[in-house]
A.B. asks: 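Structure incoming, see below.
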Amino acid sequence: MMINQQNNSSKVFIIAELSANHNGSLSNAIETIKAAKRTGADAIKLQTYTADTLTLNCEKEDFLIKGTIWKGKNFYKLYQEAYTPWEWHEELFKVAKEEGLICFSSPFDKTAVDFLEELNNPIYKIASFEITDIPLIEYVASKNKPIIISTGIANYDDIKLAVDTCRAVGNNDITLLKCTSSYPAPIEEANMVMMQQFAKDFDVKVGLSDHTLGITLPVVATCLGAKVIEKHFILDRSIGGPDASFSLNENEFSEMVKAVREAEKAIGKIDYNLTAKQIEGKQFARSLYVCKDINIGDVFTEQNIRSVRPGYGLHPKYFKEILGKIAVKNYTIGDRLEL
């Protein structure tokens, strides 16, 4: 089951990432799913973990977060705050289905995968920080569902190992997302050309997991061949939460979807044939016209014929060929020259 079959089109598959943006409220989570539908998103993505499946309840220095918007927080406490309760999942999957959205999740350990399998999770996402968790990737890939992998902290060898791990268990439905694991991410570090390099190096579908504050990168990604775009989505940043600062609200996400869909239309296809509008525009092209009355027997010169608009006359490429020839009929100013 391919990603672009999920939304029955070849359009970019747009994912609204719920993450921690429910801020601990089931009603917020449900309303966020409904809002995601209104934006035109194709899917809503959850994260399936608990603090205990992600880290250790430990106060040692190693377990304090450094250098991010969560600097100084303890890993365990952050994930306790941010996680989506597992008992919500069935309801969230149900609401998404009723809204006509695909709902799927990022698992962070085998128990999460087993739990999601019970919910018929249709797609699996491997988060950037889990790309080196090869046992997890192998287990996820073995479920033979489409697998999306973010590459935010990965070098070439990391990516190759993850892709090879999927293929070793027979899963070739792989999408790699260019991602900058910074929150929010500076646009000058996007390095979007790498998305195309992923496609070339690993023979996979590609896309973008975007943590920048605007909507420029999703449009760039679309123009560079993205099949998937993922962006954090929140009802209102004022509700707060660990991911609020780099998430788009409903109006912003709607604008992003609109821009991506317009970019898709703009890309078009390789075709030298002219559209009806282009053919209509030919009237503004140059062609050869009589600019001074000519009698039979007169010579065509630069003084009595010119290349002018409109484009209904003879192609200007014949200008030099016509010069010096003798007129075989009378012409008045504004007559087209024809072969």
Side-chain angles (χ1 to χ4, degrees), residues 6 15-39 41-58 63 65 70 73-130 133 135-137 139-148 150 209 230-244 247 249-250 253:
Q6 291 280 347
I15 304 164
E17 165 69 75
L18 176 63
S19 64
N21 286 332
H22 47 71
N23 205 20
S25 164
L26 175 58
S27 62
N28 273 350
I30 290 171
E31 288 307 309
T32 303
I33 291 172
K34 292 179 179 179
K37 175 62 178 179
R38 293 194 295 268
T39 69
D42 298 301
I44 189 86
K45 189 182 80 66
L46 315 179
Q47 296 180 0
T48 307
Y49 64 83
T50 67
D52 291 297
T53 65
L54 266 183
T55 189
L56 302 177
N57 188 2
C58 181
F63 291 83
I65 299 171
W70 307 297
K73 280 198 173 187
N74 170 278
F75 277 108
Y76 192 87
K77 290 176 182 174
L78 173 65
Y79 299 136
Q80 272 188 321
E81 176 188 352
Y83 92 113
T84 301
W86 292 23
E87 59 268 24
W88 294 1
H89 278 54
E90 186 173 2
E91 176 71 8
L92 298 182
F93 270 75
K94 177 175 173 288
V95 171
K97 185 176 182 180
E98 290 170 351
E99 291 294 317
L101 285 178
I102 294 164
C103 185
F104 69 103
S105 188
S106 295
F108 290 79
D109 78 324
K110 287 185 176 182
T111 66
V113 178
D114 293 340
F115 173 69
L116 289 168
E117 282 294 289
E118 293 175 7
L119 297 174
N120 296 313
N121 183 70
I123 303 167
Y124 282 102
K125 165 74 190 299
I126 301 296
S128 283
F129 299 134
E130 273 57 50
D133 191 344
L136 174 63
I137 292 174
Y139 192 62
V140 168
S142 73
K143 303 305 176 183
N144 291 312
K145 306 277 182 68
I147 185 166
I148 302 171
S150 279
S209 179
E230 175 188 78
K231 189 91 166 170
H232 283 69
F233 178 59
I234 193 168
L235 281 174
D236 185 335
R237 281 187 290 273
S238 68
I239 68 175
D243 299 341
S247 299
N249 64 27
E250 183 175 342
F253 205 97

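Hydrogens, waters and symmetry mates play no part in the numbers below; they use all other heavy atoms, side chains included. Since this is a predicted model, take the numbers as computed values, not measurements.
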A.B. asks: Kindly write out the residues that satisfy side chain to side chain contact (heavy atoms under 4.5 Å, CB included) with E98, not counting sequence neighbours, or none if the list is empty.
C.D. replies: K94
A.B. asks: Grab the two heavy atoms, one from P107 and one from L136, that are nearest each other, plus how far apart they are.
C.D. replies: O-CD2, 3.8 Å
A.B. asks: With rounding to the nearest 0.5 Å, note down the distance linking OG in S247 to CD1 in I239.
C.D. replies: 9.0 Å
A.B. asks: Considering residues at least two apart in sequence or located in another chain, which fulfil the side-chain hydrogen bond (donor to acceptor under 3.5 Å, both in side chains) criterion with N57?
C.D. replies: none
A.B. asks: Determine the minimum heavy-atom distance between A41 and F253, stating which atoms define it.
C.D. replies: CB-CE2, 3.9 Å
A.B. asks: According to salt bridge (charged side-chain N to carboxylate O under 4.0 Å, His left out), does anything in residues 106-124 pair up with another residue at least two apart or in another chain? List the pairs.
C.D. replies: E117-K145
A.B. asks: Rounded to the nearest 0.5 Å, how far apart are CG of L101 and OG1 of T39?
C.D. replies: 7.5 Å
A.B. asks: Please determine whether side-chain contact (heavy atoms from CB on, under 4.5 Å) holds for the pair F108 and D133, giving the CA-CA distance in whole Å, both sets of side-chain angles, and the decisive distance to 0.1 Å.
C.D. replies: CA-CA 9 Å; F108 290 79; D133 191 344; over 6 Å; no
A.B. asks: Would I147 and V140 count as a side-chain contact (heavy atoms from CB on, under 4.5 Å) if you check the C-alpha gap in whole Å, the side-chain angles of each, and the deciding distance to 0.1 Å?
C.D. replies: CA-CA 8 Å; I147 185 166; V140 168; 3.6 Å; yes
A.B. asks: Do any side-chain atoms of residues 86-93 form donor-acceptor pairs under 3.5 angstrom with protein atoms, and if so which ones, sequence neighbours left out?
C.D. replies:
from	atom 1	to	atom 2	distance (Å)
W86	NE1	Y49	O	3.0
H89	ND1	P85	O	3.1
H89	NE2	T48	OG1	2.8

A.B. asks: If only side-chain N and O atoms count, and only distance matters, is there a donor-acceptor pair under 3.5 Å linking T50 with D52?
C.D. replies: no
A.B. asks: Return the minimal non-hydrogen interatomic distance between I137 and E130, and the atom names on each side.
C.D. replies: CD1-O, 3.9 Å
A.B. asks: If you compare all heavy atoms of I234 against all heavy atoms of A244, which two are closest, and at what distance to 0.1 Å?
C.D. replies: CD1-CB, 3.7 Å
A.B. asks: Pair N23, S25 - check side-chain hydrogen bond (donor to acceptor under 3.5 Å, both in side chains), show working.
C.D. replies: CA-CA 6 Å; N23 205 20; S25 164; over 6 Å; no
A.B. asks: Mind checking what makes side-chain hydrogen bond (donor to acceptor under 3.5 Å, both in side chains) contact with N121, not counting sequence neighbours?
C.D. replies: none
A.B. asks: From T111 OG1 over to Y139 OH, what is the distance, rounded to the nearest 0.5 angstrom?
C.D. replies: 9.5 Å
A.B. asks: Can you sort out the partners of E250 under salt bridge (Lys or Arg N to Asp or Glu O under 4.0 Å), two or more places apart, ordered by chain and number?
C.D. replies: R38
A.B. asks: Is any side-chain heavy atom of V95 closer than 4.5 Å to one of I30?
C.D. replies: yes
A.B. asks: Sequence neighbours left out, what passes side-chain hydrogen bond (donor to acceptor under 3.5 Å, both in side chains) with T84? Give chain and number order.
C.D. replies: H22
A.B. asks: Of all residues at least two apart in sequence or in a different chain, which pass the side-chain hydrogen bond (donor to acceptor under 3.5 Å, both in side chains) check with E17?
C.D. replies: K45
A.B. asks: So, taking the atom named CD1 in I33 and the one named NZ in K97, what distance separates them when rounded to the nearest 0.5 Å?
C.D. replies: 14.0 Å
A.B. asks: Report the distance from atom OG of S106 to atom CD1 of I123, rounding to the nearest 0.5 Å.
C.D. replies: 11.0 Å
A.B. asks: Applying side-chain contact (heavy atoms from CB on, under 4.5 Å), run through F63 and L56 and close with a yes or a no.
C.D. replies: CA-CA 8 Å; F63 291 83; L56 302 177; 3.8 Å; yes
A.B. asks: I'd like to check the side chain to side chain contact (heavy atoms under 4.5 Å, CB included) partners of K77; sequence neighbours left out, ordered by chain and number.
C.D. replies: E59, N74, Q80
A.B. asks: In chain order, what residues pass the side chain to side chain contact (heavy atoms under 4.5 Å, CB included) check against T32, with sequence neighbours excluded?
C.D. replies: L18, F233, L235
A.B. asks: Side chains of I148 and I15: does their closest heavy-atom pair fall under 4.5 Å?
C.D. replies: yes
A.B. asks: Could you verify whether a donor N or O on one side chain and an acceptor N or O on the other, from S150 and K125, lie under 3.5 Å apart?
C.D. replies: yes
A.B. asks: At what distance, to the nearest 0.5 angstrom, does OH of Y79 lie from CG of L54?
C.D. replies: 5.5 Å
A.B. asks: Mind listing the closest non-hydrogen atom pair of F104 and A43 along with its distance?
C.D. replies: CE2-CB, 3.9 Å
